[in-house]
**Q** 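Once you've had a glance at the structure underneath, I'll fire off some questions.
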Amino acid sequence: MGQFTRIRPTRVSLLEVLSMSIEALWSNRLRTGLTMLGVIIGIASVITVTSVGQGVQKATEQQIQALGTNVILVLTGAARTGGISQGSGTASTVTWEDAQAIARQAPAAQGVTAYLQRGVQVVYEGENASTLLLGTDLSYPDVKNIHPQEGQFFSQEDLDAARPVAVLGSSIRDELFGTNGTAIGAQIRVQSELYSVIGVMETKGSVGGQDQDDRIYVPLTNMSARIVGNNAINGIAVSGFWVQAKDAAELDAAQFQVTNLLRIRHNIYPPQPDDFRITNQADIINAFSNIVGLFTVMVSAIAGISLVVGGIGIANIMLVSVVERTREIGVRKAVGATNSAVLSQFLTEAVIVSIAGGALGIGLGVGIAFGAATLFKFPFVLSIWSIVAGFGLSFVIGLIAGVIPARNAAQLDPIAALRSE
């Protein structure tokens, strides 16, 4: 009688359920692995996309902040041909004198720097390169937060005399002189004009796909007279100017003051449109963050679909497993296994498959995200919520996908199950 009681338990412990479930899954390793594949890919995709998206966003924010977050950019207006706008920057409506007036009269402006830019060919001995030439003034390094790492920036005397001196960005320096070459004191040719190199700027990297180090700085007066050669009617025409507010909280005040001062100087009265355009770095950061955030949500949603597909795969495989193991279920029920015990085992198997797939997916996603951050040189950002969501989704998917197969297995008639082939 003791032996009969031992082989017909009325209750099965959780440890026994886990043991039987793991044994059943291990005996069909290939099928189990294929079942987990959908969950692995789904979880890995969610974590990778989230991490890469946040890493790229952080890298871009850092690059923009390195150029100053408390600055606004004033650009020239758009020329019109046949009533069609030619785009911002095509009309000479902003001058160096405008920038100097803003520096004197706008209380919220801590610094102002004007610039004039053109794409040029630069030659040094046998090397020839295309780059961006920037004519600017002495305030540029402080307003734009970029300073010489070798030599010096040009002086007030250079600006007043329109001297042909140049300060190179690190990228164009490397292109012309090599990474170990000496640029200070060399003579470079820009559009048939010779310039003496007096400095090399610190490295800033790329922002928005533009290499901030692939440029040459010369005195604004020199560029206006010898390179561009076209001034506005009143003063020296510029491409635009940067206005540095005292802090980020003063940006709106600075923008308001700059707008009104320029309207007064340009004799613009309502309802006349402005002949200039103003943007600020904070708007750029917010716009980029919104775009990256929406893109991350969209791709994460697509990755989430693969989780649903993975859950359907688990359900299908578990249903097949019930059919294949019908005789085994009949034997278990014949020797006393209750419906709840059979239900628990099949539910446990589904949950184990999904959680194991989720764990592997999390590991794979973290590995891919770290590899991408290392390869493309942006910050590695790991979102805790994505890992928590990954485990949670794995558990829920396994539970939902296993309900119907487990219920079918639990409701099998033991006599009919034993007769099955």
Side-chain angles (χ1 to χ4, degrees), residues 2-45 47 306-367 387 390-421:
Q3 184 180 7
F4 180 75
T5 303
R6 182 174 58 82
I7 65 173
R8 295 187 59 192
T10 57
R11 298 182 61 184
V12 181
S13 67
L14 177 61
L15 185 60
E16 289 174 317
V17 171
L18 286 173
S19 176
M20 288 186 292
S21 300
I22 293 172
E23 182 180 353
L25 293 172
W26 183 252
S27 63
N28 295 279
R29 292 184 291 277
L30 179 60
R31 185 176 66 190
T32 302
L34 293 175
T35 305
M36 290 191 298
L37 194 58
V39 177
I40 293 173
I41 293 174
I43 298 294
S45 300
I47 292 177
S306 67
L307 285 176
V308 176
V309 174
I312 295 172
I314 293 175
N316 288 336
I317 296 297
M318 294 304 295
L319 285 169
V320 171
S321 178
V322 170
V323 174
E324 290 182 349
R325 296 159 62 186
T326 300
R327 191 173 182 82
E328 172 196 332
I329 295 169
V331 171
R332 288 193 58 202
K333 298 190 74 172
V335 296
T338 61
N339 288 353
S340 62
V342 176
L343 178 70
S344 298
Q345 180 179 346
F346 277 84
L347 273 180
T348 302
E349 288 180 18
V351 171
I352 288 174
V353 167
S354 59
I355 289 181
L360 292 173
I362 289 171
L364 180 61
V366 171
I387 295 179
F391 268 117
L393 283 172
S394 299
F395 178 79
V396 172
I397 286 171
L399 198 60
I400 294 175
V403 167
I404 295 177
R407 181 172 174 272
N408 290 346
Q411 291 180 344
L412 282 175
D413 181 79
I415 298 175
L418 286 170
R419 289 177 177 173
S420 67
E421 294 296 333

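In this chain, residues are counted from 1 in sequence order. These figures come from a predicted structure and were not determined experimentally.
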**Q** To the closest 0.5 Å, what do you measure between CD1 (I43) and CG (L364)?
**A** 11.0 Å
**Q** To the closest 0.5 Å, what do you measure between OG (S354) and CD1 (I40)?
**A** 11.0 Å
**Q** S340: what forms a side chain to side chain donor-acceptor pair (under 3.5 Å) with it, not counting sequence neighbours?
**A** T338
**Q** Which salt bridge (Lys or Arg N to Asp or Glu O under 4.0 Å) pairs, counting each pair once, include a residue from residues 391-408, with sequence neighbours left out?
**A** none
**Q** Indicate the atoms forming the closest heavy-atom contact of A356 with M36, along with that distance.
**A** CB-SD, 3.6 Å
**Q** I'd like to check the side-chain contact (heavy atoms from CB on, under 4.5 Å) partners of L18; sequence neighbours left out, ordered by chain and number.
**A**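 Per chain and number, L18 pairs via side-chain contact (heavy atoms from CB on, under 4.5 Å) with L14, T348, I352.
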**Q** For residues 345-366, which residue pairs pass the salt bridge (Lys or Arg N to Asp or Glu O under 4.0 Å) check, not counting sequence neighbours?
**A**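 Output for this query lists R325-E349.
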**Q** With sequence neighbours excluded, give me every salt bridge (Lys or Arg N to Asp or Glu O under 4.0 Å) pair touching residues 392-404.
**A**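 Residue pairs passing salt bridge (Lys or Arg N to Asp or Glu O under 4.0 Å), neighbours aside: none found.
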**Q** Taking side-chain hydrogen bond (donor to acceptor under 3.5 Å, both in side chains) as the cut-off, I'd like each qualifying pair that reaches into residues 22-34, sequence neighbours left out, listed once.
**A** R31-E324
